[in-house]
Every structure is written in C-alpha cells, then in structure tokens.
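Order of appearance sets the numbers: ligands from 1, and atoms from 1 within every ligand.
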Amino acid sequence: MSETDMKLVVVGAAGRMGQTLIRIVHQTAGVRLHAAIERSNSPFLGRDAGELAGLGPIGVPVTDKPLEAFVEAEGVLDFTAPAASVEFAGLAAQARIVHIVGTTGCSADDEAKIRAAARHARVVKSGNMSLGVNLLGVLTEKAARALGPADWDIEVVEMHHKHKVDAPSGTALLIGEAAAKGRGIDLADHSVRVRDGHTGPRPQGTIGFATLRGGSVIGEHSVILAGEGELVTLSHSATDRSIFARGAVTAALWARSQKPGFYSMLDVLGLN
Ligand SMILES: NC(=O)C1=CN([C@@H]2O[C@H](COP(=O)(O)OP(=O)(O)OC[C@H]3O[C@@H](n4cnc5c(N)ncnc54)[C@H](OP(=O)(O)O)[C@@H]3O)[C@@H](O)[C@H]2O)C=CC1
Ligand SMILES: O=C(O)C1=N[C@H](C(=O)O)C[C@H](O)C1
C-alpha cells in the first residue's frame, strides 16, 4: 500500500459485481478499498468486505453510511440499481469525487439526474466497462456506416443469466447506439424492441433487439448485419466478470485527473 493509492468505495458490495470489484481493487496496484457499502437493511452489514468477496479478512467492514465514506475517499465504483445510482450520484457530487457508474436499466430521468451530478463529480458511465465491448461498438459503427440500410438489416442479440432484471442489456443498447451513429440516425426513432404475432415485413432501416435469459451466462452479445445472401456477425463473449471490474478501476484512475463532467468508456480508452 502507498500514500498515493486512490481510495475507492465499492457500493453494492455484496452483489455479483460488488464482490468482483472488491477482489480486483485488492489485487490492483495504485488503488485501495476505502469502504464497502450496502443498503440499510442488508444482512451483510458489519461483515468484512474481504471475507464477503472470498479474499479473507481485509479490515474493511460493510456499512450503510455512503456519505461518510465518500467524503474521505476519491472515487466510488457503482454497479447497483438505477434508484441507488441516482442517490449515489448526488452524494458523489457533494463529496466532489469520481463516480464510476456501471448500473444499467436507467430511465431518461435517472440519466438526466446522473448527468446533472456531473457538474460537480467526475462521472464515467457505460453499459459495459470492458475493452472488448467498447471496441465492438467502434467496429459496429464502422460496419453500419459501410453497409447501408437499403441492403443491410441490423439486429442486436444478447443473452444473460436468469437474475438479470433489465432488457435489452446496457451493452445491447450501447451497440445499438453505435450502429445508429454509423447510420446517422436516432436510435429511439428506429429501434424495434419486441416482435410478436403478425408483425408484417421488417421496416427498412430499423435496428432490432432480441433478448435471451437463462442459467449463469455472464454476457453474450452479437450484432448481425444481414444482407441478400450474406451475413456479417460481430460478437463478444464475457467469460469472467473481472473484465468489467478492471475496466471500472481503469476508469477511476483515468477520471482522477479529469475535470468534473460526464464521460464514457470511449473517453477512458481513447477510442472516441
Ligand atoms: N457496465 C458494466 O460493465 C456492467 C454492468 N452491470 C450492471 O451492474 C448492475 C449490478 O449487477 P449485479 O452485480 O449482477 O447485480 P446484483 O443484484 O448482484 O448486485 C447489486 C447490489 O447492489 C445492492 N444495492 C441495491 N440498491 C442499493 C442501495 N441503495 N445501497 C446499497 N446497495 C444497494 C444490492 O443489494 P440488494 O440485493 O439488497 O438489493 C446488491 O447487493 C446491473 O445494473 C448490471 O446490469 C453488471 C456487469 C457489468
Ligand atoms: O447484468 C449483467 O450481468 C450485465 N450487465 C451489463 C449489461 O446490461 O449489458 C453488462 C454485462 O453484459 C453484464
């Protein structure tokens, strides 16, 4: 441990991503776990964060006092739920620290509140913090630009574990936005989220989404560009949640030296 280590708080510490983040922060040079937060009625309050994450004791107990933790820290890693991330955004702004938001399923109103908090906090928000998916987004934008809507249809397919509560996934929406950018269109006006019954033929220029849920799948995403007699498929498979946690820590270290504002992983990775 060094004096210059970035002090990070993990919120949602007992969750699938929370535990992964605790392990990755513990293993990564230049960062240190300052606090671990869960909600007030959580059965995990008082437990050692390292024990929760399978590391053995590290002397950081889980608490339900986020603001107390944020004012003494430099960044918060937040993979929780939309209402929680909006609350944490306000607290991170009060504490003037870095807020890394991986939470998906945010409404337009949630998004606006998180962006407002970025007047005082340095916020990095992305539906997927992995290098591979962000590169997939860049490749999708190029493919969608090269293969135009007159001859090529775009479909985004995703599969996740049975516990996931939002659909389409944040990653599927990130890929859809990249495809829409390549086509020079607004995704909201062109996306088809559901098909059921007599749908009629596919409207030209739309971007379709298909969602699969089951088992323990960490995250599978494909974008299919379908033309007459040929398909181009670009895909990404996540086989370990540590890819998201490593991305979040990279984002925190990057944001430490930025001005307050709202950033994406493309900014962090220099892919913008
Ligand atoms: N951007 C990316 O790269 C990735 C994003 N995600 C996203 O991260 C989010 C979390 O995923 P996952 O870890 O699988 O989900 P989990 O349900 O396993 O974990 C979420 C944790 O947050 C806790 N939590 C919820 N509200 C609060 C609150 N107000 N205060 C403190 N803790 C709270 C939950 O507690 P409780 O159980 O008591 O509600 C739970 O422990 C999802 O939105 C998911 O889509 C996931 C992976 C990668
Ligand atoms: O909920 C998950 O697990 C994941 N969520 C993110 C998403 O919605 O895309 C990222 C990853 O695919 C795992």
Could you tell me whether R241 and ligand 2 have an N or O pair separated by under 3.5 Å?
-> no
Of all the atoms in ligand 1, which lie at a distance below 4.0 Å from a heavy atom belonging to N128?
-> 1 (N), 2 (C), 3 (O)
Do ligand 2 and G170 have nitrogen or oxygen atoms that lie under 3.5 Å from each other?
-> yes
At under 4.0 Å between heavy atoms, what of F44 touches ligand 1? The answer is neither
Ligand 1 N/O within reach of T104 N/O, cut-off under 3.5 Å | yes
Contact check, I218 vs ligand 2, heavy-atom distance below 4.0 Å = yes
For atom 38 (O) of ligand 1, closest protein heavy-atom neighbour | R39 NE, 3.0 Å
The protein heavy atom nearest to atom 41 (O) of ligand 1 is E38 OE2, 2.6 Å
Heavy-atom contacts under 4.0 Å between A83 and ligand 1: side chain, backbone, both, or neither?
-> neither
For ligand 2, is there an atom lying under 4.0 Å from some heavy atom of H221?
-> yes
Heavy-atom nearest neighbour in the protein, as seen from atom 3 (O) of ligand 1, with distance rounded to 0.1 Å | M129 N, 2.8 Å
Of the choices E220, K164, H160, which has the non-hydrogen atom that lies closest to atom 13 (C) of ligand 2?
-> H160
Please report which non-hydrogen protein atom sits nearest to atom 16 (P) of ligand 1, along with the residue it belongs to and the distance in Å to one decimal place.
-> R16 NH2, 3.7 Å
So with a 6.0 Å cut-off around CZ of R119, is the heavy-atom count from everything else above 12?
-> no
For K164, the atoms of ligand 1 under 4.0 Å from one of its heavy atoms are 45 (O)
Answer yes or no: are there more than 12 heavy-atom neighbours, outside K164 itself, under 6.0 Å from its atom NZ?
-> yes
So is H161 close enough to ligand 2, meaning a heavy atom under 4.0 angstrom away?
-> yes
Under 4.0 Å from a heavy atom of T103: give me the atoms of ligand 1 that qualify, with their elements.
-> 43 (O)
Atom 27 (C) of ligand 1 [closest protein heavy-atom partner, distance rounded to 0.1 Å] | A84 CB, 3.7 Å
Atoms of ligand 1 less than 4.0 Å from M17 heavy atoms?
-> 13 (O), 46 (C), 47 (C)
Is it true that G127 lies under 4.0 Å from ligand 2, counting heavy atoms only?
-> yes
Where's the contact between H163 and ligand 1, heavy-atom distance under 4.0 Å: side chain, backbone, both or neither?
-> neither
